[in-house]
Amino acid sequence: MLKELGWIRVAGAVPLVAVGAVSENVAAMVAMAREADAHQCDLIVFPELGTTAYTCSELFQQRTLLEAAEKGLETFLEETSDLNAVSVLGLPVALNGQLFNCAAAVCRGQILGVVPKTYIPGYNEYYEPRWFTTGDAAPIGEITLCSQTVPFGIDLIFREDGNPRFCFGIEICEDLWAPIPPSSRLALAGATIIANPSASNDLVGKSAYRRDLIKQQSGRCLAGYVYASAGVGESSTDLVFGGHILIAENGTMLAENERFGREASMTMVDLDVEFLDQQRLQQVTFSHCIAKEYIAGDLDGREVSFGRERQPTETVLRRIDPRPFVPAAASDRAARCREIFALQSSGLATRLSHVGVSDVVIGLSGGLDSTLALLVVVEAFSRLGLDKGGIHCITMPGFGTTDRTRGNAEELCGALGLELETIDITASCIQHMKDIGHDGRTHDITFENTQARERTQILMNRSNMLNALVIGTGDLSELALGWCTYNGDHMSMYAVNNGVPKTLVQFLIDYVIDYWHDDTVTAVLRDILDTPISPELLPPDESGEIRQKTEEVIGPYVLHDFFLYQVVRCGFPPEKILKLAELAFENDYSRDEIKMWLAYFYRRFFSQQFKRSCLPDGPKIGSVSLSPRGDWRMPSDARVDEWLARLEPC
């Protein structure tokens with residue numbers, strides 16, 4: 001499964017180290033390497049100088065310790081020669097009268113290469129220059145270690161034969177803290193994963209700063225970052241080491257352990273290197289940096305290839321978020337909604353200020369999208385200090401309008417202190433259908449779209465009368481599926497919801513409930529949240545309830561938003577999206593259901609591009625936008641055949 005999904009399983013491992021006790025330390029690392037390999041781990045990163053311990057100080061100048069370290073590496077090679085995992089472990093290496101703080105990459109009994117530490121800290125609590133030489137002064141070439149001739153230098157890139165996306169580079173501890181870390185050039189040279197064996201001691205507030213560094217560097221490098229730092233077994237003479245393990249991917253922290261454990265600690269997670277590779281293709285600044293380094297002659301990475309037998313696994317060590325647009329944690333969700341609401345209302349406020357109008361027209365249906373749009377309008381007027389009398393709300397009941405939605409529109413306006421104008425479109429739609437020769441009884445697409453276009457005509461003409469802007473209410477998910485009437489609800493003068501997916505709309509309304517603290521507003525908003533999603537273009541059922549429920553027709557929005565994120569944000573192929581959806585929704589939808597709706601998504605996404613090619617202005621909100629002026633430029637006549645062909649045999 002890992003290879004099919006483009007994942008690489010990585011681990012940070014912190015054994016219980018004993019200062020100077022090389023045999024004991026190596027035995028602990030061998031045990032952890034075996035455990036990780038049993039879980040089909042591809043890459044294991046141990047702490048800096050883990051064979052000897054980092055805090056050996058003057059003992060690093062003792063030949064006994066240096067020889068023991070090399071012997072310890074030899075033992076590790078022998079004891080792990082049957083393992084497929086690549087291990088990165090630290091040891092001191094003496095060469096030509098110089099001592100280097102190194103990390104060795106090993107696999108199946110072979111040393112793939114040895115990387116010396118570039119930046120040797122000699123400030124505050126650090127005294128490394130007393131013993132170690134900078135990697136910049138190290139010979140670039142080969143050395144003999146454990147009777148093997150192996151590549152040596154700060155420029156090594158390790159790539160697996162037959163799986164080129166598994167490509168990693170190594171930097172050591174302080175290297176990350178430099179203004180231009182070695183990992184920046186390693187990433188430009190092809191490394192999709194950075195391994196950092198470290199021995200960063202803990203101080204008050206340092207762990208948070210370290211966490212931010214790793215997240216930011218993984219984001220800048222568009223890479224996975226595996227960090228493993230020395231633990232509590234290090235000398236406590238002057239310092240305390242917490243054994244911090246951090247694993248990040250493109251700016252997101254995927255996994256982290258609990259520091260200061262008194263036992264060995266290992267954290268494993270699956271990195272999506274296919275996603276990283278795709279991001280590098282999409283973010284052309286990355287390729288510009290490659291070209292710049294190449295032209296300057298600084299892109300000089302040496303590639304080391306290695307082979308191994310990769311074992312299949314059906315386990316997953318990665319959370320697949322079923323709602324990728326919605327943060328899982330309540331605190332993160334509140335912060336996200338606060339920012340989105342500010343983006344929407346600020347964008348509208350700027351447009352109103354620029355155009356020089358203080359009036360807007362908005363159509364209210366009593367549904368989620370128009371409700372959110374109205375809340376944004378109220379906030380924008382507040383930001384500009386405008387009179388709310390300039391908010392002209394119109395509800396336009398038609399053939400499918402229910403008492404519930406109409407009542408909610410009326411109650412919402414009343415709670416907000418706004419006037420609501422009611423214009424019944426039934427008669428005008430009947431007349432229009434008569435004019436064009438429609439019987440008015442056949443509930444086809446013409447019957448539905450007549451209502452949508454009549455409403456838009458009313459809004460546009462009323463805005464002309466009032467010198468006002470028509471505010472669009474449609475959301476990002478509807479645009480992805482083309483679930484809007486061309487030149488109907490598809491059109492407006494400023495569309496505040498165009499960047500907001502359906503699965504996020506309800507949380508934004510929830511945020512406003514908490515933000516405004518108005519009991520009257522809260523009551524009606526709660527009922528709107530509980531109302532089924534519907535365009536209400538078909539007559540209600542016999543009991544007056546909503547008959548036309550959108551998700552019964554086009555499928556669950558939670559699935560379509562998941563597909564939208566994976567297709568546009570990640571650029572994944574259909575077969576991978578199907579597998580990810582199976583993992584994310586294993587308790588909610590069957591594989592056949594997911595596959596059916598994914599094929600439906602692709603068909604509509606391709607066929608409805610013409611509606612997205614002429615969208616009204618509206619603010620970009622998140623990483624996925626379908627505006628032709630923003631992120632998404634797609635030919636309206638592109639064919640979906642290749643995508644469906646890849647999905648069919650799955």
**Message:** Using the rule given for side-chain hydrogen bond (donor to acceptor under 3.5 Å, both in side chains), can you reason through E256 versus H244, listing the C-alpha separation, both sets of side-chain angles and the distance that settles it, and then say yes or no?
**Reply:** CA-CA 8 Å; E256 180 177 0; H244 209 178; 2.8 Å; yes

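- Side chain of E249 to backbone of L254: no donor-acceptor contact under 3.5 angstrom is found.
- When all heavy atoms of P574 and L647 are compared, the closest pair comes out as CB-CB, 4.0 Å.
- In this structure, the side chains of L246 and R211 come closer than 4.5 Å at one or more pairs of heavy atoms.
- Two residues are said to be in side-chain contact when any heavy atoms from C-beta on lie closer than 4.5 Å; K549 and I533 fail this criterion.
- The structure places OH of Y515 at 13.0 Å from CG of L508, a figure rounded to the nearest 0.5 Å.
- In this structure, N497 contributes its side chain and V500 its backbone to no donor-acceptor pair below 3.5 Å.
- Inspection of the T313 and T315 side chains reveals an N or O donor paired with an N or O acceptor under 3.5 Å.
- With rounding to the nearest 0.5 angstrom, the CG atom of L412 is 5.5 Å from the OG1 atom of T371.
- Residues L578 and L580 form no side-chain contact, since every pair of their non-hydrogen atoms from C-beta on lies 4.5 Å or further apart.
- A donor atom on one side chain and an acceptor atom on the other are not found under 3.5 Å apart for R220 and S184.
- When all heavy atoms of C107 and A85 are compared, the closest pair comes out as SG-O, 3.9 Å.
- For the pair K502 and Y557, the cation-pi criterion (under 6.0 Å, within 45° of the ring axis) is fulfilled.
- In this structure, a donor-acceptor pair under 3.5 Å is absent between the side chains of E48 and S229.
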**Request:** In sequence, state the C-alpha distance, the side-chain angles, and the governing distance for S345 and R383, and then conclude on side-chain hydrogen bond (donor to acceptor under 3.5 Å, both in side chains).
**Result:** CA-CA 8 Å; S345 55; R383 288 174 180 270; 3.0 Å; yes

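- Judged purely by atom type and a 3.5 angstrom limit, D175 uses its side chain to pair as donor or acceptor with the backbone of I172.
- Rounding to the nearest 0.5 Å gives a distance of 14.5 Å between CZ of R319 and CG of D270.
- Here the CZ-CZ distance, from F275 to F572, works out to 6.0 Å after rounding to the nearest 0.5 Å.
- Using a 4.5 Å heavy-atom cutoff, the side chains of E379 and W516 are in contact.
- A donor-acceptor pair is defined here as one N or O able to donate and one able to accept, closer than 3.5 Å; such a pair exists between the side chain of K595 and the backbone of C650.
- Using a cutoff of 4.0 Å between basic side-chain nitrogens and carboxylate oxygens, E4 and K579 are not scored as salt-bridged.
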**Item:** Q506 vs L525, side-chain contact (heavy atoms from CB on, under 4.5 Å): CA-CA, chis, key distance, verdict
**Value:** CA-CA 10 Å; Q506 64 180 17; L525 290 182; over 6 Å; no

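- One side chain, E171 or Y225, offers a donor N or O that lies under 3.5 Å from an acceptor on the other.
- A donor-acceptor contact shorter than 3.5 Å links the side chain of R629 to the backbone of L615.
- Under a 3.5 Å cut-off, the side chain of Q40 and the backbone N or O of A38 do form a donor-acceptor pair.
- By the 4.0 Å N-to-carboxylate-O rule, R323 lies too far from D321 to be salt-bridged with it.
- Between D202 and R259 there is a salt bridge, with a side-chain nitrogen of the basic residue lying less than 4.0 Å from a carboxylate oxygen of the acidic one.
- Two rings, from F158 and F306, have their centers 6.0 Å or more apart.
- R159 places a side-chain N or O within 3.5 Å of a backbone atom of P164 that can act as its donor or acceptor partner.
- Both the sub-6.0 Å distance and the 45° axial angle are satisfied by R612 relative to the ring of F605.
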**Message:** Show, in sequence, the C-alpha distance, side-chain angles and deciding distance for I193 and V273, and conclude whether the side-chain contact (heavy atoms from CB on, under 4.5 Å) test is met.
**Reply:** CA-CA 8 Å; I193 301 173; V273 290; 3.9 Å; yes

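- The shortest non-hydrogen separation linking A105 to I170 is CB-CD1, 4.2 Å.
- When all heavy atoms of P327 and D332 are compared, the closest pair comes out as CB-CB, 3.7 Å.
- Q279 contributes a side-chain N or O that, together with a main-chain N or O of R569, makes up a donor-acceptor pair within less than 3.5 Å.
- Side-chain contact between R210 and Y227 is present, with at least one heavy-atom pair separated by less than 4.5 Å.
- Ion pairing of K576 with D272 is present here, as a side-chain N (NZ or NE/NH1/NH2) and a carboxylate O approach within less than 4.0 Å.
- Looking at heavy atoms from C-beta onward, Y486 lies out of side-chain contact with C484 at the 4.5 angstrom threshold.
- Shown here for C337 and Y511, the closest heavy-atom pair between the two residues is CB-CB, 3.6 Å.
- A cation-pi arrangement, defined by a distance under 6.0 Å to the six-membered ring centre and an angle within 45 degrees of its axis, is present between K206 and W177.
- Taking 4.0 Å as the cut-off between side-chain N and carboxylate O, R308 and D161 do not count as a salt-bridged pair.
- Side-chain N/O atoms of R9 and H39 include no donor and acceptor closer than 3.5 Å.
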**Request:** Apply the test side-chain hydrogen bond (donor to acceptor under 3.5 Å, both in side chains) to residues S265 and N257: give CA-CA distance (whole Å), side-chain angles for both, the deciding distance (0.1 Å), then the verdict.
**Result:** CA-CA 8 Å; S265 176; N257 72 334; 3.1 Å; yes

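- Side-chain polar atoms of N408 and D527 form a donor-acceptor pair below 3.5 angstrom.
- Closest heavy-atom contact between S198 and C173: OG-SG, 3.0 Å.
- One side chain, S365 or S370, offers a donor N or O that lies under 3.5 Å from an acceptor on the other.
- Counting heavy atoms from C-beta outward, R336 and V326 have side chains that stay 4.5 Å or more apart.
- Between H560 and F563, the angle of the ring planes goes over 60°, which puts this pair in the perpendicular group of the 30/60° scheme.
- Side-chain atoms of S346 never come within 3.5 Å of backbone atoms of L343 as a donor-acceptor pair (strictly under, hydrogens ignored).
- In this structure, the separation between CG on L43 and CD1 on I247 is 9.0 Å, given to the nearest 0.5 Å.
- How far CG of D561 is from OG1 of T503: 3.5 Å, rounded to the nearest 0.5 Å.
- One finds a salt bridge joining R526 and D510 here, because a Lys/Arg side-chain nitrogen approaches an Asp/Glu carboxylate oxygen to under 4.0 Å.
- A donor-acceptor pair under 3.5 Å is absent between the side-chain atoms of Q609 and the main chain of F606, judged by distance alone.
- In this structure, F241 has its ring center at least 6.0 angstrom away from the ring center of F260.
- Side chains of T473 and D369: a donor-acceptor N/O pair is absent below 3.5 angstrom, by distance only.
- In this structure the side chain of S287 never reaches within 4.5 angstrom of the side chain of R280, judged on heavy atoms.
- Shown here is W597, whose CH2 atom has more than 12 heavy atoms of other residues, nucleotides or ligands within 6.0 Å.
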